[in-house]
Number of protein chains: 2
Amino acid sequence: MTEANKEQLRASFIVKQLQSKEYLLKSGELCKFECFVHKGILRSYYCQGEEERITHFSMEGDWVSDYNSLLTKQKSRINIQALEETELLSISPERLEELGLHIPNWDRVGRLFFEKQLREKEKEMELRIALSAEKRYVKLLNEEPIILKRVSLNMIAKYLGIKAESLSRIRKRLASKK
Amino acid sequence: MTEANKEQLRASFIVKQLQSKEYLLKSGELCKFECFVHKGILRSYYCQGEEERITHFSMEGDWVSDYNSLLTKQKSRINIQALEETELLSISPERLEELGLHIPNWDRVGRLFFEKQLREKEKEMELRIALSAEKRYVKLLNEEPIILKRVSLNMIAKYLGIKAESLSRIRKRLASKK
DNA sequence: GGCATTTCTTAACCTAAGTCAATTGTATTA
DNA sequence: TAATACAATTGACTTAGGTTAAGAAATGCC
């Protein structure tokens with residue numbers, strides 16, 4: 001990639017600022033961005049009846065989007081909400097398309113990007129697959145301790161697919177074990 | 001893609017035959033293939049202590065691989081096993097790499113492929129996220145009835161993350177409702 | 001500081017799913 | 001045809017997690 005290309009790329013991003021609890025995307029909308037998280041943390045979730053199901057936390061260095069909506073141009077079913085004051089670098093799919101015409105190896109970059117996303121998704125899925133809630137919590141504790149530190153237990157419970165009360169009991173049980 | 005390219009591509013695949021219960025990949029091995037399922041059905045699973053956790057069923061028209069092992073060159077943690085007599089078209093990552101050098105837009109094809117894989121993975125994850133076992137079963141019944149027809153209830157239970165006995169009870173409960 | 005709001009914990013009770021053990025059903029094959 | 005193996009169900013009992021409601025701790029705000 002030439003210097004001119006890099007400059008082109010940098011100039012294509014728009015800075016977005018979100019307050020805590022502000023939404024980047026709401027279900028029913030079309031997702032028209034890919035965002036790089038520069039500062040802050042967000043949750044992606046969807047509603048299952050009364051329940052909110054958190055699918056993912058995105059923080060510094062991560063990319064956040066609803067790829068399903070973005071790539072198929074269908075309405076999104078997920079909500080993306082900032083959990084802290086958050087700063088994002090946003091780019092539109094049209095702009096990405098344009099860049100692709102000018103920058104060599106662009107598709108290769110895209111391929112590697114999606115390969116990585118897929119691997120992360122597979123890893124994330126392991127956490128979900130039918131361990132007991134306690135084991136899921138311990139796994140999260142070991143593998144993603146940063147999330148535990150930055151996010152309320154309420155959100156962690158929604159991520160683990162259990163009630164906050166249950167999480168509280170699990171934590172108590174674990175504390176008494178050690 | 002030219003006719004010559006297509007021919008090149010076709011010639012790169014090796015036919016693999018598996019009997020029912022034979023393994024395409026065992027955990028601990030390196031995954032060195034991407035396979036197109038021509039006929040048959042396979043399950044991908046890993047072992048969690050004593051339990052087998054099925055992550056995915058692959059059948060006619062699907063691609064099957066352990067992308068994590070394939071792309072990172074690390075030992076696989078998953079097992080891929082045929083559940084019926086199965087015929088696969090297999091290609092090695094080296095051969096794919098070679099083809100990439102000769103076929104225009106190859107990276108684009110790869111990108112679109114992984115985009116699709118990611119979307120499917122996201123969809124699959126929804127099934128997992130903390131619905132009750134009964135709702136997960138009903139969802140599977142509605143969205144993937146073919147799987148139900150082809151695979152033993154034992155396997156379905158392992159896919160849903162419950163015991164076969166529980167699945168049996170759920171089925172009984174549902175039958176009496178209607 | 002004091003008041004409100006959100007976050008977290010606790011308790012009593014209920015339900016879904018796990019466990020263990022036995023039984024029935026069904027293919028396969030000797 | 002019995003004999004074996006595997007698949008599915010059933011029952012009695014236990015346990016993890018949901019439900020509801022209340023209280024404690026932490027946080028923000030005037």
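Just so we're on the same page: letters track the sequence lines, and every chain starts at 1. In what follows, every heavy atom counts, from backbone to side chain, and hydrogens, waters and symmetry copies are set aside.
The ring pair (Phe, Tyr, Trp, His ring centres under 6.0 Å) contacts involving residues 69-90 of chain A comprise nothing, where partners must be two or more places apart or lie in separate chains. Applying the ring pair (Phe, Tyr, Trp, His ring centres under 6.0 Å) rule to pairs touching residues 5-26 of chain A yields nothing, sequence neighbours excluded.
Ring geometry for A:Phe57 against A:Tyr159 counts as tilted: the plane angle lies between 30° and 60°, on a 0 to 90° scale.
Side-chain polar atoms of B:Glu124 and B:His56 form a donor-acceptor pair below 3.5 angstrom.
Listed by chain and number, the residues in a ring-ring contact (aromatic ring centres under 6.0 Å, His included) with B:Tyr137 amount to none (sequence neighbours excluded). Not a single ring-ring contact (aromatic ring centres under 6.0 Å, His included) links B:Tyr45 to another residue, sequence neighbours left out. Take A:Lys163 and apply the side-chain contact (heavy atoms from CB on, under 4.5 Å) test, not counting sequence neighbours, and it matches A:Glu51, A:Glu165, A:Ser166. Checked against side-chain hydrogen bond (donor to acceptor under 3.5 Å, both in side chains), A:Glu144 has no partners two or more places apart in sequence or in another chain. The ring-ring contact (aromatic ring centres under 6.0 Å, His included) check on A:Phe33 picks up nothing, with sequence neighbours excluded. For A:Tyr46, the ring-ring contact (aromatic ring centres under 6.0 Å, His included) criterion is met by no residue, not counting sequence neighbours.
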Under 3.5 Å, which protein N or O atoms sit close to an N or O of nucleotides 25-30 of chain D? Give each pair with its distance.
none

Just the atom pairs and distances: protein N or O near nucleotides 19-25 of chain C's N or O, under 3.5 Å.
unit_1 : atom_1 : unit_2   : atom_2 : d
C:dT19 : OP2    : B:Lys163 : NZ     : 2.6
C:dT19 : O4     : B:Arg169 : NH2    : 3.1
C:dC20 : N4     : B:Glu165 : OE2    : 3.4

What does the list of N/O pairs under 3.5 Å between the protein and nucleotides 5-8 of chain C look like, with a distance for each?
unit_1 : atom_1 : unit_2   : atom_2 : d
C:dC8  : OP1    : A:Leu153 : N      : 3.3
C:dC8  : OP2    : A:Leu153 : N      : 3.0
C:dC8  : OP2    : A:Asn154 : N      : 3.2

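We find that CG of A:Leu167 is positioned 7 Å from P of C:dT9, with the value rounded to whole Å. Atoms CZ (A:Arg136) and P (D:dG17) sit 7 Å apart, rounded to a whole Å. Distance CD1 (A:Ile156) to P (D:dG17): 16 Å, rounded to an integer number of Å. Atoms CD1 (B:Ile170) and C1' (C:dG18) sit 12 Å apart, rounded to a whole Å. Nucleotide D:dG17 holds its C1' atom 16 Å from the CD1 atom of B:Ile162, rounded to whole Å.
In this model, the phosphate group of D:dT10 is approached by a side-chain N or O of B:Lys172 to a distance below 4.0 Å at OP1 or OP2.
Heavy atoms from other residues, nucleotides or ligands lying under 6.0 Å from CD of A:Glu7 number more than 12.
With B:Gln81 as reference, B:Arg43 is the one residue of B:Arg43, B:Glu22, B:Glu52, B:Lys26 to meet the side chain to side chain donor-acceptor pair (under 3.5 Å) rule.
One finds the CD1 atom of B:Ile162 at 10.0 Å from the OG atom of B:Ser168 (value rounded to the nearest 0.5 Å).
With axes fitted over five pairs at each extremity, the angle between the ends of the helix from C:dG1-D:dC30 to C:dA30-D:dT1 is 30° (10° resolution).
Distance from the side chain of B:Arg173 is smallest for C:dA17 among the nucleotides D:dT10, D:dG17, C:dA17.
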